Structures are given as C-alpha cells and as structure tokens.
A.B. asks: 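Sharing a structure with you now.
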Amino acid sequence: MTDRKKLSGFFTPAVTVSCVILLIVALTAVFAPLIAPYDPLETDLGSTLLPPSPSHLLGTDQNGRDIFSRMLFGGRTTILGAFGIVLFSMAVGIPSGLIAGYFGGIADRILMRVTDVIVSFPTLLLAFVFVGVLGRGLRNSVLAIGIVYIPMTARLTRSLCLGEKNRGYVEALRSQGCPVPRILFLQILPNCIPTLSSQLTLDIGYAIIDLASMSFIGLGVQLPDCDWGAMLEESRSLIFTRPVSALAPGFAIAITVIAINILSDGVQRYLDPTRRKLKRSVLRHG
Amino acid sequence: MKRKGTAAYIAKKLFGFVLTLFLVSLLIFWLEHLSNVDPVAVILGGKRASAETVAALREKFGIDRPLWQQYADWILGMLRGDLGIDFRYQQPVWTLIAPRLGVTLPLIAMASLITLAVSIPVGVLCALKQGSAADTGLSAFCLAAVSCPGFFVSMIAIAVLSKTAPSIRFTGSFSGISGAFERLFIPAVCIALGMIALGARVIRSKMITELDSDYVLFARAGGIPERKVVFGKALKSCIIPYASVMSIQIGSLLVGAVTVEEVFSLQGVGSLLISSIQGSNYPVTQAITMLTVFFFLLLTTAVDIVIAAVDPRVGKEGGSLD
C-alpha cells in the first residue's frame, strides 16, 4: 500500500512523459532492424535527396539512403554507446571509490591525485587525446569518454562510502569478521545506490551529447555507420534546402536528453526531497 | 585566525596547481609515446627517404634521444615559450597556433560576456517569481538549452537565420574589430546559450535557498528594502557557486568550442587540434593540450583563490562550499 502510494508520487506528469519517451527510444533502438523500412547503409543513386513522403518518412540523403531508417539505427548506436560509457565508468569508478573511501590513507590519496589530474582536463579535450592514441572509431570513443567519466563516479562513490563506513552496521559486520569485499559490495554499495542512480542517469544524458560531439567532429563513429552526431555532420549541406530532415537527428538527441534530465530530477526528488542535486560541474571539483 | 587559514588554503591551491600541471605534462607526453605511430613516417608524409635522411630527421627532432631527455627538452622549451617544431609543415608550432587563438579567444570572450550579462538576471528573475509563468517558461527553456549540443543549436541558428536574415554571412574570413564582432556574434550566442541555461539554474536554485534562510528573514524584519536584500545580500552568496561552475565552463571553451566553430567554418584552436590528432602531428597536439589545460586550471584556480579571499568560511576547519 505504502509502496504504491510512493510510486504514484514518483510519476508526476513530466516524469511519466519522459519515461514514455525513453521507452520508445529504447524500443526503437532494440528493434531497429524490424522497424526500419530500408537498409540504413543501402545507397540508391536513383533516388537521392527525395523529400519526405509516405514511403520515405524523412526523405533520403545525398546517397539515396532512407533518413528515417538511418535515424533508427543511429539511435541504436548512440544509446548503446552512451550506456557503454556509463557502464565502463561505473565498472572502474565504483570499486575504486569504495576502496578509497573505506580504507582511506594511501589508497585515498592516490585516487584523489589521479582524479585531480583527469578533472584538470576539459571533458572533450581528454577524450580527444585518448582517441588520438587509441585511434578513431566508436569503440575507442566510448572507451575514451568512459575514462573521462570515471573521476565523477569514483568521487561520488567515495564520498557516499565515507558517510556509510562509520555507521553501526558496518562496525557490527567488521567485528563479526565479515570479509571486506562483502562489506563493501553487499552492504555499503546498496546504500549508495539511490544517490548514484540519479547521478548515473544524468551521466547517460551527458554521455549522449559527448559521444555525438565526437562523431560530429569525425573522431567517433566512422562511415558508413552512423549515430545521431555523425548524421548531423553529414546533413550539414542539406540545412538550407531541407532543414527538417537535416535537423531531425539533433531533435532526437535533444528530446532524449531532456527526458533523461527530467527522469534524473524525478529520481532525485523521489529518493530524497531535501537533498539538493549534485551538479556534475560542481562535483568535478568537489 | 581567519587570515592564517585563508593563506594556507591559497598556498595549498597554488601548490596543487603546479603539481597537477606537472602530472598532466607527464601524462600527455607518455600517452603520445604509447601510440605506435612512427614520428619519422609522419614527418616524411609518405615520401621515401634514405637511411641517412631518416637518421638526420631523427636527430633534428630529437627522437633518437632517451625518452626522459625528450621530455626534459619538451617541458623546458614550453617553460621558455618554445612550443617546438611541428611534424607536418616543419614550422614552429606557435606560428600555427597564434592565428587560431585570434579566432578562438575573441569568441570565448564574447560568449562569456553574453553569458554573464544574461544568466544572472534570468536566474534572479526565476527565483523571485518562483512558480510563475515566466519562471516555468524560462526554466523549461533552460532545461532544453542544457540538453542540446552546441553544434545542434548552431545548425538551428543557421537554418532559421538564413531564411529570416539572408544578409548575415556565415562563412569566409574577417578582419578588424567590427568584422570579428559581426562574424563571431552568432557563434558566441550559440556557445553562450548552454552556459546561460546552466548558470541561470545555479543562481535560481541557490537564490531560492538563500531567500528562505534566517539572515534574509532577519534583514527583511529589520526593514531593509527588498531590493537591497536580494541584490546586496542574497545574490552575494549565489555568486560563489556560480563562479565555480562558470570557471569550469569558460575554461573548457578553448577546445570545447570546436563543434560550434566547425559549423560556422571558423578556423579556431579546436580544429587545429583535431587535424593534428588525425595526422598524428604530436608536437601540435601536445602544445594545444598543454595550453588548454593551463588555461583551464588557471581560471578555476584563480576563481577558487578569489572565493577564498572573500569568503571567510573557506580554509577553516569544517568550512566548505556546499
């Protein structure tokens, strides 16, 4: 009963709409091969630059490819890439944050110094440098941006762990001889998840924008594959003649990220109405 | 007592600034040497060369020397203002970067001024009229603006302005102050939009908390005019988190403006970095990376120090910002 009551508090109109939008984005990404009316890579030089019509919802591009089909597949790349970035930053950031927070001392000093170095780079700059070393492409861009995202996750986890480690239940477990990994991952981590989840939701939004920027610059997804960022770059020449089709991938990015922002806010408010949101930019130097 | 704490805090910040710059230089140098691209191949640019030529090139660019010596040469050169010679054109790196700074720095300056001029009034207005139609509208606009990548905003601007104001030029070179203003104004607005939104959100949320606090209640009860309470007292506390957020945003722009510069065909620092990354032109990549990090750290550290100087809470035991 109380659970249901609480949940209805979570689903405000804005959050509900956002969830529906994100569900649609996720479903179209997963089922892109089934929904897309055309092969996103198939060029047809007999039907280039067609205007939107029932058979080509957003028309075709310079190479006769169906823009709507490319949007569906591009969304797939963008969403999967963004998840990859955040998952990677979690896989490294959460364990190191827990260890640094729990043990303190030298482990903590090393983590803080390493993260200090990483956050002294503007986000995109470091990703550019890593891609310069690793080579261009989607996988390397995901890895590069993922590395840049580690400090935020690690520092947040560390600060949450610092708050937990002196509480009674941790002391009780320690006195019983509970193994440290068990305390860290099965006892402390679950208590950090509420705050982490709101921040990580927000990070997916940032990851979408950063990955799209990498592709837009030409360091991310390589031809003939595409994501929303690369599609915008390709369609720059169409902007005067066919602005709607040219800008469609950008609207997809904007709508998805707005929905993610609203969802993250909703999670935050639902979990703790009194705590103020941790701004990513503040956190970077926090 | 307070002075001592503040001085120690500032000293710690300055030490951190130097140490971080040193570690960053190590990281940049090490990363470039991890990649398996042979610098000589880049210098030759695909041309065939005899063994003697290769050896001569290796000597000229110092690639034959031990790694630690290469690092020492590089970092000492940087400190003297010598950024080295690039692989592709074999020119001093500085002559490649200088004209790019002439584009990017005015762009950053304009975008920053626009941001400061707009975001503070918008944030204060939203906080004062919390819940009103103006607040809802502006807040929704801010949410949309922080969610749009800068290059997308730029493309919308071009699509709209090319229809409504066809006289505006979006390409080509420019000269002089008025030329720069004309050519850079719209890109600057596109860059500023996201920062305005972020800044206004910071001011709004902080202002709402401040207006709800005891000292504001006390000031109001004491009969201080509302205008003075808002702008003289509450806004002061809002400026501190605002300044930290903005220093990070503005500090990122040297390279961060690259997507917007790309859309408006501006030859800025960012596009030089991208082309040097794609061409494995390490001296240029390293120089721009170092400059950008220096600019970024300088700005954020300076803001931290100014805050410490004006805010008695910083540097004290238990005193912190948020």
Side-chain angles (χ1 to χ4, degrees), chain A residues 14 113-114 116-126 128-136 205 208-210 212-214 216-219 228-229 232-233 235-236 239-240 243-244 246-247 249-251 253-262 265 276-282 284-286, chain B residues 16 19-21 23-24 26-28 31-32 34-35 143-144 146-153 155-156 158-160 162-163 198 201-202 205 209 241 244-245 248-249 251-256 258-259 262-263 270-271 273-274 276-278 280 282 285 288-289 292-293 296-297 300 304 321-322:
Chain A
R113 187 49 69 191
V114 170
D116 264 352
V117 170
I118 298 183
V119 297
S120 59
F121 285 83
T123 312
L124 274 182
L125 174 69
L126 188 57
F128 289 164
V129 173
F130 277 124
V131 166
V133 177
L134 300 165
R136 279 177 270 175
I208 290 177
I209 292 182
D210 285 340
S213 304
M214 292 290 268
F216 186 81
I217 288 299
L219 297 177
W228 288 339
L232 276 173
E233 152 64 18
S235 65
R236 274 172 61 195
I239 198 160
F240 299 109
V244 175
L247 294 174
F251 285 111
I253 294 176
I255 290 170
T256 311
V257 178
I258 290 173
I260 288 174
N261 272 317
I262 293 175
D265 263 5
R276 280 184 48 225
K277 196 168 71 186
L278 269 164
K279 291 252 161 31
R280 181 171 114 115
S281 34
V282 174
R284 286 181 61 141
H285 276 233
Chain B
L19 180 62
T20 311
L21 261 187
L23 292 175
V24 164
L26 279 181
L27 176 71
I28 293 172
L31 277 177
E32 299 292 2
L34 270 188
S35 77
L143 174 62
V146 290
S147 306
C148 288
F151 54 90
F152 177 51
V153 175
M155 287 174 76
I156 296 178
I158 288 186
V160 172
S162 66
K163 294 269 192 302
L198 192 66
R201 294 180 97 184
V202 173
S205 67
T209 341
S244 334
V245 171
I248 293 171
Q249 292 292 316
S252 308
L253 282 184
L254 203 53
V255 165
V258 62
T259 54
E262 187 93 339
V263 178
S271 66
L273 176 70
I274 302 299
S276 69
I277 285 175
Q278 288 178 332
S280 302
Y282 298 144
T285 316
I288 295 181
T289 312
T292 311
V293 172
F296 182 73
L297 278 180
T300 48
D304 281 347
L321 301 170
D322 286 347

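Here is how names work: the chains are called A, B, and so on, in the same order as the sequence lines, proteins then strands, and each is numbered from 1. Since this is a predicted model, take the numbers as computed values, not measurements.
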A.B. asks: About how many Å separate CD1 of B/Ile277 and CZ of A/Phe130, when rounded to the nearest 0.5 Å?
C.D. replies: 12.0 Å

A.B. asks: Identify which part of A/Arg136 has an atom lying under 4.5 Å from any heavy atom of chain B, answering side chain, backbone, both or neither.
C.D. replies: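 The side chain, not the backbone.
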
A.B. asks: So which atom in A/Ser213 and which in B/Phe151 form the shortest heavy-atom distance, rounded to 0.1 Å?
C.D. replies: OG-CE2, 3.5 Å

A.B. asks: If I measure from the heavy atoms of chain A, does B/Leu19 come under 4.5 Å with its side chain, its backbone, both, or neither?
C.D. replies: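 For B/Leu19, side-chain heavy atoms alone lie under 4.5 Å from chain A.
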
A.B. asks: Do the ring planes of A/Phe251 and B/Phe152 sit parallel (below 30°), tilted (30 to 60°) or perpendicular (above 60°)?
C.D. replies: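 It falls in the perpendicular class, over 60°.
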
A.B. asks: Please confirm whether the backbone N or O of B/Ile158 pairs with a side-chain atom of B/Lys163, one donor and one acceptor, at under 3.5 Å?
C.D. replies: no

A.B. asks: Check each atom of B/Ile274 against the heavy atoms of chain A and say whether the ones under 4.5 Å are side chain, backbone, both or neither.
C.D. replies: side chain

A.B. asks: Does any heavy atom of chain A fall under 4.5 Å from the side chain of B/Ile28, the backbone, both, or neither of them?
C.D. replies: side chain

A.B. asks: Starting at CD1 of B/Ile288, measure out to CG of A/Leu125 and round the result to the nearest 0.5 Å.
C.D. replies: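 One finds 9.5 Å between CD1 of B/Ile288 and CG of A/Leu125.
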
A.B. asks: Among B/Val263, B/Thr285, B/Leu27, B/Val146, single out the residue with the greatest number of heavy-atom pairs under 4.5 Å to chain A.
C.D. replies: B/Val263

A.B. asks: Flag the one option from A/Leu247, A/Ile208, A/Leu124, A/Val114 with the top tally of heavy-atom pairs under 4.5 Å to chain B.
C.D. replies: A/Leu247

A.B. asks: Answer yes or no: is there a donor N or O on one side and an acceptor on the other, between the side chain of B/Thr209 and the main chain of B/Ser205, under 3.5 Å?
C.D. replies: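 Yes, because the side chain of B/Thr209 sits within donor-acceptor range (under 3.5 Å) of the backbone of B/Ser205.
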
A.B. asks: Please classify the contact between B/Leu143 and chain A as side chain, backbone, both or neither, with a heavy-atom cut-off of under 4.5 Å.
C.D. replies: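 Interface part for B/Leu143: both.
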
A.B. asks: Heavy-atom distance under 4.5 Å to chain A: side chain of B/Leu21, backbone, both or neither?
C.D. replies: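 Neither part.
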
